[in-house]
Engineer: 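First the structure, which I've put down as structure tokens, then a few questions once you've had a look.
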Amino acid sequence: MDPLFDRINVRDLLSGHDLSDPSTPLSTPDLRLIISRLESHSLHIKSKVRSYLLSHREDFASLFSQCNDAVFKTSEISDNVSGILSLISDRPIDVEIRKLVDEIGRTTKEAREKREMLGLLKIIVGICERLEGARSAFSDGRLRFSAEEVKELKKALRIGDEEEGEPIVYGLLRKQWADLFDEMQDFFSKFMENAVRFEQDSRTIRVKYKLCVDKMDGIELHTVMEAMDVAGILDYSLAKAADLIIKHAITPAVSYGSPAMFAEDVNQGSEGISEAVLKILPSQDCKIVDVDGDAIYARVIQVIKFIFKHICFENGSWIRSFGRLTWPRISDIIISKFLSKVVPEDASKLVDFQKIVKCTSEFEFSLKEMMFLSASDGKDYRLSSFSENVEVHFAFRKKTEVLGKARNLLLQCDFSVPQDYTSKGPLLKNDGMAINSSNQVVDLIFSSERCVVSKAASQLMELVHQTLQDVCLSSARVAWEFYHAVRDAILLYEAVIPVKLERQLDGINQVAILMYNDCLFLSQEILGLAFEYRTDFPDSIKEHAVFADMAPRFHLMAEEILQRQIQIVIFNLREVIDGADGFQNTHQMQQFESAKFSIDQAVFILEKVHIIWESLLRPSTYKRSMCMVLESVFSRITKDILLLDDLAAEETLQLQRLIHMMLDNLSSLLKSLISAFDSNEKSEEDTSRPIDDLIPSLRKIRKLGELLDMPLKSITSAWESGELMSCGFTILELKDFIRAIFADSTLRKECIWRIENVTL
């Protein structure tokens, strides 16, 4: 049939014509020919189809029969579905089915929960029975079985791994387990306390192999050790025994200089060893000195072997547990009582210390073979680490010693002036008369002057120089520690002395001046340290050793102390001058006496300061500081007198008398300043200036004393000549002074006019 359905090609129907040109139109005859041939072709197709159907009649009949059956079955299914739908609409069976399914689900869930509950109850009952069994076994003396049960029950009850929302019964079971565990711990601890005892009278450690504890007779030490190991409480139960052995055996064994000796003994019974004894015997020779450490280590090993054999029964796990428990303390005792005491005090003896390093390493190796120390944990080899780093320990010891000496001399110093010290003049390096035998009179490196310092500062720098000399002779590691010791020792002065002398710094005394000299001396000495020692330092610290950074803080501290002392003096002087009440009404006897008393007090304070400062301060510092104080006093008194607005003739004479009296009483002080200038005229830039230039108010108060009884015309002439202005008087001060002394008159007006119109 397939050829019948092929596409008809028009070209084939007109094969006799030229159709190569698609644009050529067809003629009417051509079209009729095409129609005729198409009809013929159609008839041919129909004939073919009919022939095909006739030849396949049976096949088509079978196909139509199957289609008819399918239609029938579809109709039957439709009827059945319609019936089911009618049944469903009449009776809601889906609801009943849902109810049935829910009921089956609930029943299944309840059954599952009951099975789970039953399983939980079985577990709980099992745990309860095991707890009771463990307790019963413990009471019967079956310690190992009881310990194993406790260990397993700890996992079953998840001790230490509790979760929220667990059944309450688990908490109750855990409490029962904890009670049993505590009971076992107490029993084992009590057993070990009785099994390993120290008898004070005989100085003996006694280890009993069998004991009766809490009505349990014949309990063996080995069994108890096994049970403790299984239960995981070996460390806890051995703690008291470890303390006893460390206190009564290890410590005497390590005692440097007077060690104890040991003797072992074993009591053999019918059933074997009943007890072991370690006797602690005093040394026969009280003068033994175990410098090499062999004897000390041998005694310690003897004690540990006794423990290994008679307490741990040569069990590696047990002796390792005992080692973890005791080794940190034993190693600390050996370090503190032996190794630290034989650290060389001199760098030249470091080579001899290598013998101790060797025997220390052998000692720890022996302990490792006994499994007392771990073979893999490097932290256990603390003694070897200490001895191999002896240079560091030596340096640390010396550093501690240096700082201890520095602290002690600073705390013990009373800041007193040496008894044989007398100052007959300024302390100059080139002045033979000023040389003093006391080591408290020191040279200042960057000055031509000398000064008196406290014993603390002098001895501190002696200690610093000694230590720096050791730095030059030491290895790099030791030198570095010594260098830091020097810095820390110097800084101790800053930390200790100001706190120690806080109260004394608030008064006028020699302590503050000595402290000022100390800081000045230390600042200059510190600057010189690098120049003096750096070239001899080990190469590794030459570029890192710095001292100059400390010098400015001491220089600043010195200036702060001096300025504080100056301000205290000025404050005290102002207070006593305030008592003069502005020098008013001095023509009255009471007011004059009050003013005179204030002047006398001021002179007394100045003389006290003069005595302290001149003897202790450098001339340049004494001159500068005293001029500052005198300027404050003179300017205050001058100002108070010039502020008086009405002076009687007698009053001016009394004021003049007070000024002359004060200057006369201060004559020795002023001479000391002139002496300081003369002796040190080349040391400071301003020393060549006259004293009146350094104390401007001195010239002014002297001139004020003259003005108080000078005629008005003379006063005017002195202003016109510029003399009064050179003394520091201002035109306003002079006009007020004239108005206060002289009554209003034509002459006063004329003189004031002349003063106002003078061109200077």
Side-chain angles (χ1 to χ4, degrees), residues 291 293 335-336 338-358 360-361 381-410 439 442-443 445-446 456-496 518-519 521-555:
V291 176
I335 290 172
S336 62
F338 170 57
L339 290 178
S340 63
K341 294 183 181 297
V342 295
V343 171
E345 296 184 359
D346 194 304
S348 62
K349 297 180 180 179
L350 288 173
V351 177
D352 298 334
F353 192 79
Q354 294 305 312
K355 296 178 181 178
I356 293 177
V357 174
K358 181 180 178 181
T360 299
S361 178
Y381 302 97
R382 302 175 64 198
L383 301 184
S384 295
S385 177
F386 180 92
S387 58
E388 289 170 1
N389 290 307
V390 67
E391 276 192 344
V392 176
H393 302 303
F394 167 72
F396 179 77
R397 180 175 176 178
K398 292 294 290 183
K399 179 180 178 180
T400 304
E401 186 178 312
V402 168
L403 294 178
K405 287 181 179 179
R407 181 176 290 277
N408 287 336
L409 65 89
L410 291 174
N439 59 1
V442 296
D443 294 331
I445 297 178
F446 300 102
S458 174
Q459 293 179 345
L460 178 63
M461 286 313 302
E462 288 180 7
L463 181 62
V464 165
H465 285 291
Q466 291 173 5
T467 308
L468 287 176
Q469 289 170 7
D470 290 338
V471 170
C472 299
L473 301 174
S474 301
S475 65
R477 297 173 71 184
V478 176
W480 190 253
E481 291 296 325
F482 283 1
Y483 159 70
H484 284 290
V486 167
R487 286 183 60 91
D488 293 345
I490 293 173
L491 294 176
L492 270 178
Y493 187 97
E494 181 185 18
V496 173
D518 284 357
C519 294
F521 168 65
L522 291 174
S523 68
Q524 296 204 11
E525 285 289 313
I526 290 168
L527 287 174
L529 292 178
F531 297 102
E532 188 173 355
Y533 294 103
R534 186 187 295 276
T535 55
D536 297 324
F537 281 174
D539 293 337
S540 59
I541 69 169
K542 277 184 180 179
E543 299 301 323
H544 303 285
V546 178
F547 298 102
D549 62 305
M550 296 187 293
R553 62 201 301 172
F554 281 96
H555 184 77

Engineer: Which atom pair, heavy atoms only, marks the closest approach of A395 to V478?
Structural biologist: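 Scanning both residues completely, I find the closest heavy atoms to be CB-CA, 3.9 Å.
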Engineer: Taking all non-hydrogen atoms of both residues into account, name the closest pair between A485 and K399 and its distance.
Structural biologist: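 So the two residues come closest at CB-CG, 3.5 Å.
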Engineer: So, for Y483 and F547, is the gap between ring centers shorter than 6.0 Å?
Structural biologist: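 Yes.
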Engineer: Enumerate the residue pairs fulfilling side chain to side chain donor-acceptor pair (under 3.5 Å) with a member in residues 526-537, sequence neighbours excluded, ordered by first and then second residue.
Structural biologist: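 Listed once each, the pairs are H465-Y533.
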Engineer: Is any side-chain N of the basic residue among R397 and E401 closer than 4.0 Å to the acidic one's carboxylate O?
Structural biologist: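 Answer for the salt bridge query: no.
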Engineer: How close do L463 and A406 get, counting heavy atoms only, and between which atoms?
Structural biologist: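 Closest heavy-atom pair between L463 and A406: CD2-N, 3.8 Å.
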Engineer: Could you check whether the rings of F554 and Y493 sit parallel, tilted or perpendicular, using 30° and 60° as the cut-offs?
Structural biologist: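 Rings of F554 and Y493: tilted, as their planes differ by 30° to 60°.
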Engineer: Could you report the tightest heavy-atom contact between V464 and L529, atom names first, then the distance?
Structural biologist: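 For V464 and L529, the tightest heavy-atom pair comes out as CG1-CD1, 4.1 Å.
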Engineer: Return the minimal non-hydrogen interatomic distance between L403 and A489, and the atom names on each side.
Structural biologist: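 That would be CD2-N, 3.5 Å.
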Engineer: Between the main-chain N or O of A545 and the side-chain N or O of R487, is there a donor-acceptor pair closer than 3.5 Å?
Structural biologist: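 Not at all, since once roles are kept as given, no pair shorter than 3.5 Å links the two residues.
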Engineer: Going by the rule ring-ring contact (aromatic ring centres under 6.0 Å, His included), which residues pair with F386 if we only count those two or more places apart in sequence or in a different chain?
Structural biologist: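 Testing F386 for ring-ring contact (aromatic ring centres under 6.0 Å, His included), a comparison that skips the adjacent residues, returns H393.
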Engineer: Taking side chain to side chain contact (heavy atoms under 4.5 Å, CB included) as the test, write out the residues that go with S387, two or more places apart.
Structural biologist: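 Applying side chain to side chain contact (heavy atoms under 4.5 Å, CB included) to S387 gives F353, V357, T360.
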Engineer: Specify the closest pair of heavy atoms between V471 and I541, including all atoms of both residues, with the distance to one decimal.
Structural biologist: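 Looks like CG1-CD1, 4.0 Å.
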Engineer: Checking S340 side chain against I335 main chain: does a donor-acceptor pair fall under 3.5 Å?
Structural biologist: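 A pair under 3.5 Å: yes.
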